[in-house]
Each structure stands twice: as structure tokens, then as C-alpha cells.
Amino acid sequence: MTANMHAFANGAELAGKLADKVVEVLSAAIAARGSASIAVSGGSTPKIFFQTLSSRSLDWRKVTITLVDERFVPADNPRSNHLLVQENLLKDQAASAQFFPLYQDVASVEEAAVIATEKTKSIGYPFDVAILGMGNDGHTASFFPGGSNLAAALDAKSPRGIITMEAEGAGEPRLTFTFSSLQDARLLVLHIEGEGKKGVLAKAEAPGEETEMPIRAVLRRAASPVEIYWAP
């Protein structure tokens with residue numbers, strides 16, 4: 001599958017153009033069926049985009065937001081993706097959106113995955129928008145090379161929902177939507193920034209095993225071309 005590259009001069013320009021596209025897709029979904037859904041990534045990269053999107057006019061009461069993945073840490077932990085979304089996206093115009101977190105306050109990450117899968121079923125598939133990031137090792141969502149559940153995570157026939165992932169370099173145990181849950185999003189975006197990520201992307205687009213660079217599964221097997229938004 002051929003991806004579409006959108007390059008911008010800086011992160012602020014990227015954030016504005018990506019927010020425009022996301023609002024367009026979410027607005028169309030609301031007009032068509034009265035609701036819309038978006039799954040977003042964490043980390044430091046999407047912060048400016050979240051702030052930009054939060055200020056856009058949209059019937060946010062009809063929008064459901066969730067995360068593509070999460071660390072198994074409480075929502076007030078500085079490494080929590082929930083906290084990132086809470087502080088940067090669920091405010092201003094977007095404050096009225098419904099948010100489905102992945103972290104659950106239970107004893108184990110395995111139990112949290114079961115509960116989160118049940119809770120997020122009400123969002124419905126496919127997502128209208130899914131926005132992924134990419135690490136320097138070629139991971140995306142929490143699909144880490146050498147990850148404990150990587151085969152199941154990348155299997156397009158796996159049940160939709162959330163599974164656990166543990167891997168060297170991942171830090172805390174993770175909760176992640178499977179590739180099967182994300183592959184057919186109506187708008188599937190890879191949001192990357194920095195010159196170094198261009199080199200990682202070039203390597204991912206070259207021949208090689210998906211297990212070595214899991215982003216390859218998304219680039220190769222998504223139901224529609226991935227829209228890559230990049231800025232230096």
C-alpha cells in the first residue's frame with residue numbers, strides 16, 4: 001500500500017493542517033450518522049496538535065476520543081497518555097467530547113485490557129480517525145519489536161480490542177489496540193516530527209520483516225493509504 005506524504009515547514013504548520021483534516025472527517029461522520037470517533041497517540045509529539053485541535057469549532061458532544069495505546073500507570077502519572085490528552089485536548093471547544101481511557105484501576109494489566117476492551121466496544125468500528133506515532137525503533141502504538149504479544153497485535157484477524165504488551169525499552173507494561181482495530185480507520189494518520197524520523201521511515205518502507213519494525217504492518221497492510229504528516 002502506498003502512503004501519502006504531507007511535509008510541512010514546522011510543527012505548528014503541521015498541527016494546523018492536520019487539525020483541519022481531522023475536523024473535516026469528524027464533521028462528515030457527524031453529518032452522516034450523528035457521531036464520530038477518533039483514537040490518538042501519546043508521547044510528546046502530538047501536544048501542539050492536540051492544543052490546536054481543541055480550539056476548533058465542532059459539535060464535540062458527538063465526538064468520542066480514545067487512545068491507541070497507554071502505559072499501565074494511573075491517569076495522574078506524568079508518563080500517562082491520559083494525562084496528556086486531559087491537559088491538551090479535552091479543553092476549550094473540545095471539553096465536551098466523551099473520552100474513553102484505556103488504563104483501568106485494577107490489579108493487573110491483563111485485567112485492565114479485558115475491561116478496556118469491553119468499555120470501548122460502544123465506540124464502534126471502524127474509527128473515523130486513528131492517529132499513530134512512530135518510535136526510532138519502528139514501533140507504533142505499543143507494537144514493539146520483540147514485544148510479548150507482538151504476533152497477536154499485528155495479526156489482522158485478531159479480535160478487535162485491547163491487548164497487553166511488554167518489551168525491552170517500553171518501560172511500563174502497555175495497553176494497546178490491535179492492528180485489526182486500527183487498520184480500517186477512515187482516516188489513518190502517521191504523525192512524525194524531526195529529521196531523524198525521516199530516516200526511520202525510509203528504513204521502514206524498505207524490504208524487511210514487520211516484526212523488526214512493526215510500523216511496516218501499518219504501512220503495508222492498512223485498508224487505505226496511510227497519510228503521513230511530517231515536519232522537521
Side-chain angles (χ1 to χ4, degrees), residues 37-47 49-50 64-91 94 97-125 127 129-156 158-183 185 188-192 210-215 217-218:
S37 60
I38 175 173
V40 297
S41 60
S44 59
T45 300
K47 186 174 180 179
F49 163 65
F50 285 168
T64 299
I65 301 171
T66 192
L67 290 156
V68 297
D69 70 321
E70 178 62 282
R71 297 173 176 87
F72 188 57
V73 297
D76 60 356
N77 186 295
R79 287 172 57 78
S80 166
N81 290 338
H82 181 155
L83 184 64
L84 177 77
V85 170
Q86 190 73 46
E87 292 184 341
N88 296 282
L89 180 53
L90 297 174
K91 62 177 190 175
Q98 185 176 15
F99 178 59
F100 278 73
L102 302 190
Y103 173 79
Q104 310 293 319
D105 187 13
V106 292
S108 71
V109 67
E110 291 80 12
E111 185 180 358
V114 172
I115 295 171
T117 293
E118 287 302 312
K119 288 186 174 181
T120 54
K121 280 181 179 177
S122 64
I123 301 174
Y125 296 103
F127 290 119
V129 179
I131 302 179
L132 300 170
M134 181 182 69
N136 289 327
D137 60 355
H139 86 264
T140 190
S142 282
F143 310 158
F144 284 89
S148 56
N149 278 330
L150 184 60
L154 297 183
D155 187 347
S158 288
R160 293 187 192 254
I162 295 134
I163 62 174
T164 65
M165 189 71 67
E166 296 185 42
E168 184 179 351
E172 304 86 349
R174 303 290 186 107
L175 297 155
T176 185
F177 272 102
T178 58
F179 171 70
S180 62
S181 307
L182 304 169
Q183 62 178 333
L188 183 56
V189 174
L190 177 61
H191 175 186
I192 54 176
E210 292 178 358
T211 51
E212 295 176 356
M213 298 188 76
I215 186 62
V218 178

Inset, instruction - Report the C-alpha separation of Val68 and Thr176 in whole Å, then their side-chain angles, then the decisive distance to 0.1 Å, and conclude whether the side-chain contact (heavy atoms from CB on, under 4.5 Å) test is met. - result: CA-CA 6 Å; Val68 297; Thr176 185; 5.9 Å; no
Inset, instruction - Tell me, with the steps shown, if Asn77 and Tyr103 meet side-chain contact (heavy atoms from CB on, under 4.5 Å). - result: CA-CA 11 Å; Asn77 186 295; Tyr103 173 79; over 6 Å; no
Legend entry - Inter-residue atom distance Ser142.OG - Arg174.CZ, 0.5 Å rounding: 4.0 Å
Legend entry - Any Leu83 side-chain heavy atom under 4.5 Å of Asp76 side chain: no
Inset, instruction - Would you give the length of the straight line joining atom OG1 of Thr45 to atom CG of Leu132, rounded to the nearest 0.5 angstrom? - result: 12.0 Å
Inset, instruction - Report yes if some heavy atom in the side chain of Pro145 is under 4.5 Å from a heavy atom in the side chain of Met213; otherwise report no. - result: no
Inset, instruction - Look up atom CD1 in Ile131 and atom NE2 in His191, then write down how far apart they are to the nearest 0.5 Å. - result: 8.5 Å
Legend entry - Closest contact, heavy atoms only, Pro159 versus Ser180: O-OG, 3.5 Å
Legend entry - Note, Leu190 side chain near Val218 side chain (heavy atom, < 4.5 Å): no
Legend entry - Pairwise distance OG(Ser41) to CG(Asn81) - rounded to 0.5 angstrom: 8.0 Å
Inset, instruction - Using atom types as modelled and distance alone, determine if a side-chain donor or acceptor of Glu70 lies under 3.5 Å from a backbone N or O of His82. - result: yes
Inset, instruction - Look at the side chain of Thr178 and the backbone N and O of Arg160, then say whether any donor-acceptor pair between them is shorter than 3.5 Å. - result: no
Inset, instruction - Output yes when a side-chain donor or acceptor of Asp137 lies under 3.5 Å from a complementary backbone atom of Phe144, and no otherwise. - result: no
Inset, instruction - May I have all residue pairs that pass side-chain hydrogen bond (donor to acceptor under 3.5 Å, both in side chains) and include part of residues 147-156, sequence neighbours excluded? - result: Asn149-Thr164
Legend entry - Polar side-chain atom of Thr140 near backbone of Met134 as donor-acceptor pair, under 3.5 Å: no
Legend entry - Heavy-atom closest contact (Phe143 atom, Pro214 atom, distance): O-CG, 3.1 Å
Legend entry - Reported CD1-to-CD1 distance for the pair Ile65 and Ile38, which is rounded to 0.5 angstrom: 6.5 Å
Inset, instruction - Only counting residues at least two apart or in another chain, list the ones meeting side-chain contact (heavy atoms from CB on, under 4.5 Å) with Ala112. - result: Phe72, Gln104, Val106, Leu175
Inset, instruction - List the atom of Leu67, the atom of Leu102, and the distance in Å for their closest heavy-atom pair. - result: O-CD1, 3.4 Å
Inset, instruction - Would you check if Pro173 and Glu166 make a side-chain contact, meaning some heavy-atom pair closer than 4.5 Å? - result: yes
Legend entry - Close side-chain approach of Phe127 and Leu182, heavy atoms under 4.5 Å: yes
Inset, instruction - Would you mind reporting whether Phe99 and Leu89 have side-chain heavy atoms less than 4.5 Å apart? - result: no
Inset, instruction - Provide the closest heavy-atom pair for Gly146 versus Leu150 in the form atom of the first, atom of the second, distance. - result: N-CD2, 4.0 Å
Legend entry - Sidechain-backbone polar pair: Arg71 side chain, Ser80 backbone, donor-acceptor under 3.5 Å: no
Inset, instruction - Could you grab the distance from atom CD1 of Ile123 to atom OG of Ser181, nearest 0.5 Å is fine? - result: 10.0 Å
Legend entry - Closest approach of Ser158 to Ala152 (non-hydrogen atoms, all atoms of both residues): OG-O, 2.7 Å
Inset, instruction - State whether the number of non-hydrogen atoms from other residues, nucleotides or ligands found under 6.0 Å of Lys91 atom NZ is greater than 12. - result: yes
Inset, instruction - Could you pull out the closest heavy-atom pair between Glu210 and Leu154, with the gap in Å? - result: O-CD1, 4.2 Å
